[in-house]
There are 2 protein chains.
Amino acid sequence: MKVLVADDDADLRDLIAFTLTQSGYLVLKAGDGPSAVRGFEEESPDLVVLDINMPGLSGFQVCEAIRKRSRIPVMMLTVRGEEEDLVRALGLGADDYLTKPFSPRTLLARIKALLRRAGMANATPLTAGRVALDLQEHTVSIGRADPVRLTKLELRLLQMLLANAGHTVSSDRLLVQVWGHRSGGDRQLLKQLVHRLRQKIEADPAAPALLRTAAAGYKLLVE
Amino acid sequence: MKVLVADDDADLRDLIAFTLTQSGYLVLKAGDGPSAVRGFEEESPDLVVLDINMPGLSGFQVCEAIRKRSRIPVMMLTVRGEEEDLVRALGLGADDYLTKPFSPRTLLARIKALLRRAGMANATPLTAGRVALDLQEHTVSIGRADPVRLTKLELRLLQMLLANAGHTVSSDRLLVQVWGHRSGGDRQLLKQLVHRLRQKIEADPAAPALLRTAAAGYKLLVE
DNA sequence: CGGGCAGGTGACAAACAGGTTATAAGCGCG
DNA sequence: CGCGCTTATAACCTGTTTGTCACCTGCCCG
């Protein structure tokens, strides 16, 4: 899930980027209006966070440019008290706004809400280590390699493992999360699914480097 | 909305074309005077952007040729400081000029102003890549081909895909947006609608180049 | 040493999703 | 009322995905 963050304040930009990256988003940064527009055009992010005061083009203008081509969620950042800025931003098609200063937690919550509203995130989007999951496209990219198509179940399994990257997830939990199975029982399904997933994402499926077998379950190795 | 861009500098031409395309215009390119005139005659664009220095025929001569037959807006591009060029261009019937270098957004703003003045402003159709949707006429144009008439549902489907051009839109979302269906369920309708739409807009409906099947949905491919 | 167990593998069948074609139902309109 | 166009329903075909089974290996432990 790509998010473009445009703000001329490098510190704030980095803070936001850090917050989002930790939560599994792929973050692109822009420090002024024109590079924000360029970033949007070249990367087609899934959401844009726009500061209003930016050199080159204001957040308003960038928002306008984006709306000409796309309805992706746009979140504007405004300074407290500038009421007409808000009105104008929302009038231009922005989806939400935050007044500075705000807590990273708030930002995260709002962003998730926006993505949910846009029907994108069925759950938290995820990347960890060299593994990047694209829920929309049903693909996974390992490092720089071409994305690999995943089936519904493979996607769900990988999503679960990714959400707990580095930690073991028990087979029981996986069964429940992937199949909605009542209680244990059908380990064979999981065995098979892991096998199929390894065929797709492991360089050497016989010696798994990513999807490792662990005590009573599996884990995704991230460096 | 067709715009003819004539400039011998391929980079600048592409930059302008890119800017305009992203803003929803259908752009035609010409690299020299004669092909500019030919482009004008064959495609009857709604606006022409003309560089003055071009091989074959200068921008002046092209402008003159155009003015013999049409009053469509012409914007000239000049090098800074050549004042008499401006005078001459405006004398020949050009409507506006820009001195190089200029920012894409300046160009865009001026072009919009020209079209507005010419009374063509409100017709900007939804476009992405080679696909241009006309909501008033219920038609779609692929590249330079003749517009194709669409039914209500076909139009809505294409509009949804266009609004998310390049990204997969899940079948569920499409069902909701196109039919207003409460719950998923009726994939058959979508199957059919996609099939009929492909018959209309794809050169080879059996091997779709635009409306592609993607994981759990469909997507409109744009270059 | 040998049985039991967990995980890995290959083969195969059932279930499913998407494409295609045909046909019926609905609807606007003269 | 019937005509033509649009939309819905159904049946069939295909390739993919998923579930099931049989068998293998390595390992723990009596």
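All values derive from a computational prediction rather than experimental measurement. Below, read A as the first sequence line, B as the second, and so on, with proteins coming before strands; counting in each chain starts at 1.
Nearest-nucleotide mapping onto DNA chain D: of B/K200 and A/L193, the residue sitting toward the 5' end is B/K200. Position along DNA chain D of the nearest nucleotide to B/Q192 versus B/L150 favours B/L150 as the more 5'-ward residue. Across the interface with DNA chain C, nearest-nucleotide mapping of B/A207 and A/Y218 shows A/Y218 to be the residue nearer the 5′ end.
Partners of B/E154 by side-chain contact (heavy atoms from CB on, under 4.5 Å), not counting sequence neighbours, listed by chain and number: B/L150, B/T151, B/L193, B/R196, B/L197, B/K200. Legend: residues meeting side-chain contact (heavy atoms from CB on, under 4.5 Å) with B/A216, ordered by chain and number and at least two apart, are A/H138. For B/T139, there are no side-chain hydrogen bond (donor to acceptor under 3.5 Å, both in side chains) partners two or more places apart in sequence or in a different chain. Applying the side-chain contact (heavy atoms from CB on, under 4.5 Å) rule to A/L12 yields the partners A/D7, A/D9, A/L15, A/I16, A/K100, A/F102; only residues at least two apart in sequence or on another chain are considered.
A/D51 is not listed as a side-chain neighbour of A/R13, based on a closest heavy-atom distance of 4.5 Å or more.
Atom-to-atom, CZ of A/R149 to P of C/dA17 comes out at 14 Å; the value is rounded to the nearest Å. Here C/dA17 presents its P atom at 13 Å from CG of B/L175, a figure rounded to the nearest Å. Whole-Å rounding puts the B/L155 CG to D/dT6 C1' distance at 14 Å. Counting to the nearest Å, the C1' atom of D/dT16 and the CG atom of A/L153 are 12 Å from each other. Distance B/D186 CG to C/dG18 C1': 14 Å, rounded to the nearest Å. When rounded to the nearest whole Å, the span between NE2 of A/H138 and C1' of C/dA17 equals 13 Å. Residue B/L211 contributes atom CG, which lies 9 Å from atom P of C/dG19 at whole-angstrom precision. Taking atom CG of residue B/L190 and atom P of nucleotide C/dT20, one finds them 14 Å apart after rounding to whole Å.
Distances shown here put a side-chain N or O of A/T213 below 4.0 Å from the OP1 or OP2 atom of C/dG8. For the OP1/OP2 pair of D/dT18 and a distance below 4.0 Å, the side-chain nitrogens and oxygens of A/T151 include at least one atom meeting the criterion. Look at A/W179 and you'll find a side-chain N or O under 4.0 angstrom from OP1 or OP2 of D/dG19.
Contact of B/R198 with C/dG18 (side chain to base): no donor-acceptor pair of N or O atoms is detected under 3.5 Å. Put simply, the side chain of A/Q188 and the base of C/dT9 share a donor and an acceptor less than 3.5 Å apart. At a cut-off of 3.5 angstrom, the base of D/dT17 holds no donor-acceptor pair with the side chain of A/E154.
Checked by atom type and distance alone, the side chain of B/D46 pairs as donor or acceptor with a backbone atom of B/K2 at under 3.5 Å. At least one donor-acceptor pair closer than 3.5 Å links the side chain of A/Q61 to the backbone N or O of A/S58.
Residue B/H195 has its side chain nearest to C/dT21 when only C/dT21, C/dG7, C/dG19 are considered. Considering only the side chain of A/K152, D/dT18 comes nearest among C/dG18, C/dG7, D/dT18. Listed candidates were D/dT7, D/dT18, C/dG10. Nearest to the side chain of B/R196 is D/dT7.
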Show me the side-chain donor-acceptor pairs of residues 202-211 of chain B shorter than 3.5 Å, one per line, residues at least two apart or across chains.
residue: B/E202; atom: OE1; partner: B/A209; partner atom: N; Å: 2.8
residue: B/E202; atom: OE1; partner: B/L210; partner atom: N; Å: 3.4
residue: B/E202; atom: OE2; partner: B/A209; partner atom: N; Å: 3.3
residue: B/E202; atom: OE2; partner: B/L210; partner atom: N; Å: 2.8
residue: B/E202; atom: OE2; partner: B/L211; partner atom: N; Å: 2.7
residue: B/D204; atom: OD1; partner: B/A206; partner atom: N; Å: 3.1

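Comparing the local axis fitted to the first five base pairs of the helix from C/dC1-D/dG30 to C/dG30-D/dC1 with the one fitted to its last five gives a bend of 30°, rounded to 10°.
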